[in-house]
J.: 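Mind having a look at this structure? Questions to follow.
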Amino acid sequence: MPSLPILYINLDKDAERHQRMESNFLNLGLNAQRLSATWWPDLSPEEQARHHRSDLTHAQYFKPLGNGEKGCYCSHLAACQRLLDSDAPSLMVFEDDVQLLPSLPAALEAIQKLPTDSWDLIKLYGRENEKIASRRPSGIEGHEWITYRRVPSFAAGYAISRAGAEKILRTRIPFGRPVDVDMRFWFENDLHIFGIYPSVIALDDTSFTSSIWAQKEGRMTLSQRLRKLKMKLQLTWGNTWATPPHVKDLL
């Protein structure tokens, strides 16, 4: 079984998700620790100002971030800090709305064997029909290491190295986008992102009902539509001109 630390992010009020995640890890023989998720209103005004800037959101994203999105990002930053405060070479991070698939333990063991100076972040979940740039066998039956033509959203589950945690903490405080969107802009902070394909976790039914922010989505204004278009163009430009990692770098 993998010996690297495993964290799952869970709000104190979400006892049912807590119990479900504990049961899922236990069924796979994995030892995981719970990381208490950040509830944004609980942070002091000074802490809120240090972590998030609304002017940055206006420049980088197309609409204001909700309290849940801000708290979610802070929770992932706390996971990065937890890794750097330890002696571990890398860390597995999960949100609490995922299903753990039977192939997960083998994937974690394979990640544990990779040299940690060759990667920053390895996504455990992605799109069903992934846009793959390069691939090679992972040693896990039916799965490959991959790099992306466009890094997908989702921060549902990933492995992160110490170098990756350092890059994120150095460049994403304060933040302006949701955490999963920021990962797509890997070229801004030279974040070397890989993936395992097919995914070794799945989204649980609870993922469609967020416990940290409201689900209501109003119609976008013209300004928001234009800012969203600008963001998409920036993402396309960055992916076109930046040099992404190649899967051979994992050797």
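Positions are given from 1 along the sequence. A quick note: this is a predicted structure, and the numbers were derived from the prediction, not measured.
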J.: Hey, mind stepping through Trp186 and Asn239 against side chain to side chain donor-acceptor pair (under 3.5 Å) and telling me if it holds?
T.: CA-CA 9 Å; Trp186 60 270; Asn239 277 290; 3.3 Å; yes
J.: Working to the nearest 0.5 Å, report the span between CG of Leu121 and NE2 of His192.
T.: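 Reported value, rounded in 0.5 Å steps: 12.0 Å.
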J.: Check this for me: does any side-chain nitrogen of one of Arg50 and Glu47 sit under 4.0 Å from a carboxylate oxygen of the other?
T.: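 Salt bridge absent between Arg50 and Glu47.
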J.: Restricting to side-chain contact (heavy atoms from CB on, under 4.5 Å), what partner residues turn up for Ala107, sequence neighbours left out?
T.: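 For Ala107, the residues satisfying side-chain contact (heavy atoms from CB on, under 4.5 Å) (neighbours in sequence not counted) are Ile140, Ile196, Val200.
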J.: Parallel, tilted or perpendicular, judged at 30° and 60°: which one describes the rings of His52 and Phe175?
T.: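 Because their plane-to-plane angle lies in the 30° to 60° range, the rings of His52 and Phe175 count as tilted.
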J.: As an exercise, state the distance from OH of Tyr148 to CE of Met183, rounded to the nearest 0.5 Å.
T.: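 Output value for this atom pair is 10.5 Å.
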J.: Report yes or no: does Thr236 contribute a side-chain atom to a donor-acceptor pair with the main-chain N or O of Lys232 at less than 3.5 Å?
T.: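 Side chain of Thr236 to backbone of Lys232, a donor-acceptor pair under 3.5 Å: yes, one is there.
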J.: Using the rule given for side-chain contact (heavy atoms from CB on, under 4.5 Å), can you reason through Arg225 versus Leu222, listing the C-alpha separation, both sets of side-chain angles and the distance that settles it, and then say yes or no?
T.: CA-CA 5 Å; Arg225 289 198 295 270; Leu222 175 60; 3.9 Å; yes
J.: Do other residues, nucleotides or ligands put more than 12 heavy atoms under 6.0 Å from the CD atom of Gln234?
T.: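 Yes.
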J.: Without swapping roles, check the side chain of His143 against the backbone of Pro198 for a donor-acceptor pair under 3.5 Å.
T.: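 Here the side-chain-to-backbone pair exists.
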J.: Let me see the working for Leu235 and Phe187 under side-chain contact (heavy atoms from CB on, under 4.5 Å), right down to the final yes or no.
T.: CA-CA 9 Å; Leu235 186 61; Phe187 44 84; 4.1 Å; yes
J.: Calculate, to the nearest 0.5 Å, the distance between atoms CD1 and CG belonging to Ile201 and Leu124 respectively.
T.: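 If we round to the nearest 0.5 Å, Ile201:CD1 and Leu124:CG are 5.5 Å apart.
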J.: Keeping Lys167 on the side-chain end and Asp190 on the backbone end, is there a donor-acceptor pair under 3.5 Å?
T.: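 Side chain of Lys167 to backbone of Asp190, a donor-acceptor pair under 3.5 Å: yes, one is there.
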J.: State yes or no: do Val93 and Leu114 share one hydrophobic cluster built from I, L, V, M, F, W and Y residues joined by side-chain heavy-atom distances below 4.5 Å, directly or via other members?
T.: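 Not linked; separate clusters.
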J.: State, yes or no, whether a side-chain contact exists between Cys74 and Trp40 at a heavy-atom distance under 4.5 Å.
T.: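 Sidechains of Trp40 and Cys74: in contact.
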J.: Treating Ser138 as the side-chain partner and Trp145 as the backbone partner, does any N or O pair qualify as donor plus acceptor under 3.5 Å?
T.: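 Judged by distance alone, no pair lies under 3.5 Å.
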J.: Going hydrophobic residue to hydrophobic residue with side-chain gaps under 4.5 angstrom, can you get from Tyr8 over to Val179?
T.: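 In one cluster with Tyr8: Val179, no.
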J.: Donor-acceptor pairs under 3.5 angstrom involving side-chain atoms of residues 76-84: please list them, not counting sequence neighbours.
T.:
from  : atom 1 : to     : atom 2 : distance (Å)
His76 : ND1    : Tyr158 : OH     : 2.7
His76 : NE2    : Glu95  : OE2    : 2.8
Gln81 : NE2    : Asp85  : OD1    : 3.0

J.: Starting from the C-alpha separation in whole Å, work towards a yes-or-no answer on side-chain contact (heavy atoms from CB on, under 4.5 Å) for Val98 and Met21.
T.: CA-CA 8 Å; Val98 300; Met21 291 298 291; 3.9 Å; yes
J.: Is it the case that the side chain of Arg227 and the backbone of Tyr61 share a donor-acceptor pair, with hydrogens and angles ignored and the cut-off at 3.5 Å?
T.: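 Flag set: sc Arg227 to bb Tyr61 pair under 3.5 Å.
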J.: Is the closest side-chain heavy-atom distance between Pro41 and Lys70 below 4.5 Å?
T.: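 Heavy-atom side-chain distance check fails, nothing below 4.5 Å.
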J.: Is it true that a side-chain atom of Gln33 and a backbone atom of Pro5 form a donor plus acceptor pair closer than 3.5 Å?
T.: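 No, because the side chain of Gln33 does not come within donor-acceptor range (under 3.5 Å) of the backbone of Pro5.
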J.: A quick test of your reading: do over 12 heavy atoms of other residues, nucleotides or ligands sit less than 6.0 Å from CG of Asp87?
T.: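 Counting neighbours around CG of Asp87, 12 or fewer heavy atoms of other residues, nucleotides or ligands fall under 6.0 Å, so no.
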J.: Taking only residues two or more places apart in sequence, or in another chain, which ones meet Arg34 in a salt bridge (charged side-chain N to carboxylate O under 4.0 Å, His left out)?
T.: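 Applying salt bridge (charged side-chain N to carboxylate O under 4.0 Å, His left out) to Arg34 gives Asp12.
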J.: With rounding to the nearest 0.5 angstrom, report the CG to CG distance, Asn31 to Leu26.
T.: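 It is 9.5 Å, given to the nearest 0.5 Å.
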J.: I'd like to know if Glu188 pairs up with Arg177 as an ion pair, taking the criterion as any Lys NZ or Arg NE/NH1/NH2 lying under 4.0 Å from an Asp or Glu carboxylate oxygen.
T.: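 The answer is yes: the pair qualifies as a salt bridge.
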J.: A side-chain contact here means heavy atoms from C-beta on lying under 4.5 Å apart; do Gln60 and Val181 qualify?
T.: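 Sidechains of Val181 and Gln60: no contact.
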J.: Treating Glu130 as the side-chain partner and Arg127 as the backbone partner, does any N or O pair qualify as donor plus acceptor under 3.5 Å?
T.: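 Such a contact is found between Glu130 side chain and Arg127 backbone.
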J.: Can you get from Ile122 to Ile6 by hopping between Ile, Leu, Val, Met, Phe, Trp and Tyr side chains that sit under 4.5 Å apart?
T.: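 Yes, because Ile122 and Ile6 connect within a single hydrophobic cluster, where side-chain heavy atoms sit under 4.5 Å apart.
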J.: Using side-chain heavy atoms (C-beta onward) and a distance below 4.5 Å, is Arg136 in contact with Lys248?
T.: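 No; the side chains remain at least 4.5 Å from each other.
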J.: Does this structure show an ion pair linking Asp204 with Arg20, if we count only N-O contacts that are shorter than 4.0 Å?
T.: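 Salt bridge flag = yes for Arg20 with Asp204.
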J.: Just by modelled atom types, is the Ser153 backbone N or O under 3.5 Å from a matching donor or acceptor in the Asp180 side chain?
T.: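 No, the answer is negative, given that no donor and acceptor are paired below the 3.5 Å cut-off.
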J.: Does atom NE2 of His246 have more than 12 heavy-atom neighbours from other groups under 6.0 Å away?
T.: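 Counting neighbours around NE2 of His246, more than 12 heavy atoms of other residues, nucleotides or ligands fall under 6.0 Å, so yes.
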J.: Give a yes or no on whether Phe154 and Ile146 share a hydrophobic cluster (residues Ile, Leu, Val, Met, Phe, Trp, Tyr; joining criterion: side-chain heavy atoms under 4.5 Å apart).
T.: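 No.
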J.: Rounded at 0.5 Å granularity, tell me how far NE2 in His18 sits from CG in Asn10.
T.: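 If I round to the nearest 0.5 Å, the distance is 6.5 Å.
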J.: Tell me, do Pro89 and Thr116 make a side-chain contact under 4.5 Å, heavy atoms counted?
T.: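 In short, these two side chains touch, coming nearer than 4.5 Å.
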J.: Nearest 0.5 Å, what's the CG-OG distance between Leu91 and Ser161?
T.: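 Output value for this atom pair is 10.5 Å.
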J.: Would Tyr197 end up clustered with Leu101 when hydrophobic side chains under 4.5 Å apart are linked, directly or stepwise?
T.: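 Different clusters: Tyr197 never reaches Leu101 through Ile, Leu, Val, Met, Phe, Trp or Tyr contacts under 4.5 Å.
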J.: Apply side-chain contact (heavy atoms from CB on, under 4.5 Å) to Met92 and Leu30, showing your working.
T.: CA-CA 11 Å; Met92 313 299 169; Leu30 298 173; over 6 Å; no
